[in-house]
Amino acid sequence: MLVSESVLSNVINSALNQGADFCEVYVEEQVSNLMELKSSQVEYLSGRDMGVGIRLFYKNQEFYTYTNCLDEKSLMKALNSLISFNVPPKNKTKSSKEDLVFSFKKEFPQECKIDLQKEKKFLQQLDKEGRANSSLISQCVFVLKRIDKRVQIANSESVMCFDHRPYFFFRVHTVAEENNEQEFGHNSLGRTENISFLEEEILRKKCQKAHQMALRNLKADYSPAGNFPVIINKGFGGVIFHEACGHGLETTLVAEKQSIFSDKLGQKIASDCVSAYDDGTLKGEYGSIKKDDEGYDTQKTCLIEKGVLKNFMTDKMGSQKTKYPRTGNARRQNYKYPPTSRMRNTYIEKGSSSLEEMIQDVDYGLFAESLGGGSVSPGTGNYNFAVSSGFLIKNGKIAQPVKGASLIGNGLDSLCKIQKVGKDLELAPGHCGSISGWVPVTVGQPPILLSNLTVGGRKK
Amino acid sequence: MPINSQLLKYQDSLKALCQKDNLSFELYAYRKFHERSLFKKKDLQSSSSDIQHINLRVSKENQTGFSYTKSFSLESLKDCYKKAKDSLQFTDSFKAGTLSEKQKYQPEDLFYEDKKSSLKEQLEYTKQIHQASSTFNKKVQTITTAITKEEDSYFFINSKDSQATFKNSNIFIQNQCLGIDQTNRSESYNAKHFKNFSNLNPEEIGKYTAKLALQKLNYKIPETKKYPVIFKAETAGASLLSALTNFMSGKKVFENLSILKNSLYKKIFSNSLSIYDEPLAKWGSESQTFDGEGFACEKTPLVEKGVLKNFLTSSFYAKALKVPHTKKACWIEDIGLETSSSNLVMSKGESSFENMLTEFPKVIVIDHLKGWAGFNPISGDFSIESEGFLYEGTNLIQALAQFTVSGNILDIFKNILKIENTTHSSSSTKTSSFLVPDLMIVGK
């Protein structure tokens, strides 16, 4: 136990006594291990982070405080600093909750033992293999990150939840150089659960793709710019749905009627071929959780079914404000952030077309083989993301590789431009940044064909 | 309790541990307090924090190891020391720097202003900004208004008995509005930084954000072609300046990840461009009297009259690259010691803003670069989603959105035609708007 039951009860009761409608204490401890190989040399870093976040509701007003000091005196001091924010002084005080008994005890598993020497050798081997691909490869960066996170959540509704959340993340970044020009390729893998996971062959394949991408981009010409059909590849291509639609379905914005989807529940917002889910239950996926950061069970949530908006993603406050049911989407980066509704593993369900069929349908367009990151303004629905590896499509066939393209559009508009959805669904890990910090997620989709998108580039 | 009183008592324990293992140490710690009052529509969502952090580096000959912890207890520090020793054992990049000697630092409260403002006053200002933007026009909603007060203390000791501390205090204001009518939606964002509340004009901030949302509501998508572009100082200009100086990082140069690696002392930018890093500036949010290795900070010319003058270096990168040591070591939580700029200042030019507008028949003023995912951190190429305004002479013709601007960051700063004769401050930059004659704009 990170903080004793009696201290948690005292903090929560003190908050209720001072008029709060709801009090939650989130306790977190995490050990991070980071091994990075760059310039053929390994660096290793490990550290420990711990802290407590206390959240109060006064009707729809929300107050939050956090500290690294875990003793009762410091927690009470933090709580009292928070109560002073409550501008209209509360006249009534509530009686403490007599039935607030946290009887559930849990021993966390031991910290995972990692064979650092073995991992170091593996990274050195990957570096050697990467550089053997071509003399043009000037830099390989490999990052192996493990986070062993333990959380304890207690609230004034007698919830007491413990969760052990191990994360494994691998990233490769390759730089190729010729005539003083540099380009890069990248790939990654993220898992939860078994953080001693080191499937060498899977990681090796990821690296090969990154090396090939860097070398291809080095030789590629700049992408033409304009409006034309775009095929977005499976896997991380799903970031288009994440940005164009997903953020707008989080009740953090929906509750304030500031999302373009706020009043669209039950309405058609996408092509018939689009069904989409946010699923926290997928075993081992990077965005999977057993409990959300309010201690609520995770679930598989249908967002869009055959083009019709079916559900929003909610946290406690979002549900309280909108009256939509809780979906277990409350997430936060760590104790420094109050939770808000956030995505988990979000994907477009598979359809019936093959990638080949889609390519044959396009006379002139872009095949976005791999995407980088992106962002959205949820209030307007305008989004953007980078194409890290692309090819032109000419006369129904893949033509030359192109670089430097970005894709921009509007969520509502783009969802209706999806003409075909492939049958080969793939998920890919990423880190999503929003008001409750950076959280691990997966995005995913089969290949999809959009009738046209604005492709930003340097050539007309 | 002041941070130095809390941590100085551990100096002997650390020394003893290091002596036993024949290691040297550097400890860099901070304690940060914040209070934020935030209105989201009518609902108050406020927060506060009390956070502490220790970074520890141990070194032996030319090897180093790092670790960190969030607890200031001796037990945690010993655990942190053990982890740093493990790090040293498994690290084979030989990046040991030079231990800083005892030296003269600027006064520890150089950047600290005792604001003597109450929480009640802070809440009142937040409400006033929120109200000013919410009541500006019925087509404009205020998404969020927040005022954050921060007070930070930093502390450094090493095994050579170097010891330093400084405090910093800042006030950050954010105001975000949404414009909505039957056909369009627009967003506007206004960020301000102050050292105290005396210069704060809540009504001006609120109205400015709301007016911007309203102006952008009737946006159009520009035609795809090349345009002369002015990057507005506080927003787009400041972002581009930060992106450029990232390539001046000694760490990136050492790791062969910078397009500027072969450009030191060469004239690669416009004659009119000069950029300085000013860690001792009292106005900046990133001010510091010493860097992550305990070296006393000083103003550094990065670019002067178009010539690249310095990289941002720590003691190791300066030695490895055989370039001047500019004392720019900085700690990144759970990553380690990096190199970074503090407050960036771009020297002002000679043209008025109006003069720049009239240089060409049509000019696009970009005030928001939104899609930084479209920036290639290796080649400097970019294709970024943007927002702005079309001008014909000094006449504002049309708000613009849903377009990208493309090019290469080195070309931008090489091809600057004119720089505004006024500087504008954001939290850690002082920049002027600048005109670039020929950039690809992709819209419809």
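Reminder, nothing fancy here: chain letters follow the sequence lines and each chain counts from 1.
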- Can you find a heavy atom in the side chain of A:Q139 that is under 4.5 Å from one in the side chain of B:L257? yes
- Under a 4.5 Å cut-off applied to non-hydrogen side-chain atoms, are B:F90 and A:Q117 in contact? yes
- Query: Do the non-hydrogen side-chain atoms of A:R48 and B:S71 ever get within less than 4.5 Å of each other?
  - Reply: no
- Task: Would you indicate whether the side-chain heavy atoms of B:K40 and A:E256 approach each other to under 4.5 Å?
- Result: yes
- Part of B:D79 lying under 4.5 Å from any heavy atom of chain A: side chain
- Task: Determine the option with the most heavy-atom pairs under 4.5 angstrom with chain A, choosing from B:S406, B:G443, B:S383.
- Result: B:S383
- Message: Quick check on B:L178 against chain A: is it the side chain, the backbone, both or neither that has a heavy atom closer than 4.5 Å?
- Response: side chain
- So what's closer than 4.5 Å to chain B heavy atoms on A:I260: side chain, backbone, both or neither? both
- Which answer fits A:V387, side chain, backbone, both or neither, if we ask what part of it has an atom under 4.5 Å from a heavy atom of chain B? neither
- Query: Of the backbone (N, CA, C, O) and the side chain (C-beta and beyond), which part of A:S46 lies under 4.5 Å from a heavy atom of chain B, both, or neither?
  - Reply: both
- Message: Less than 4.5 Å to any heavy atom of chain B: does that hold for the side chain of A:Y222, its backbone, both, or neither?
- Response: side chain
- Message: Counting only non-hydrogen atoms closer than 4.5 Å, does B:Q402 touch chain A with its backbone (N, CA, C, O), its side chain (CB onward), both, or neither?
- Response: both
- Message: Between B:E187 and A:N382, is there a side-chain donor-acceptor contact under 3.5 Å, judged purely by atom types and distance?
- Response: no
- Proximity breakdown for A:N60 and chain B, heavy-atom pairs closer than 4.5 Å: both
- Message: At a heavy-atom distance under 4.5 Å, which candidate from B:I259, B:I384, B:N184, B:D381 has the highest pair count against chain A?
- Response: B:D381
- Message: If I measure from the heavy atoms of chain B, does A:P224 come under 4.5 Å with its side chain, its backbone, both, or neither?
- Response: neither
- Answer yes when A:E243 and B:K370 have at least one side-chain N-carboxylate O distance shorter than 4.0 Å, and no when they do not. no
- Message: Is B:Y219 close to chain A through its backbone or its side chain, or both, or neither, when contacts mean heavy atoms under 4.5 Å?
- Response: side chain
- May I ask you to decide whether A:E177 forms a salt bridge with B:K261, counting only side-chain N to carboxylate O separations under 4.0 Å? yes
- Message: So for A:S39, is it side chain, backbone, both, or neither that comes closer than 4.5 Å to the heavy atoms of chain B?
- Response: side chain
- Task: Below 4.5 Å from any heavy atom of chain A, which atoms of B:F403 appear? Answer side chain, backbone, both or neither.
- Result: backbone
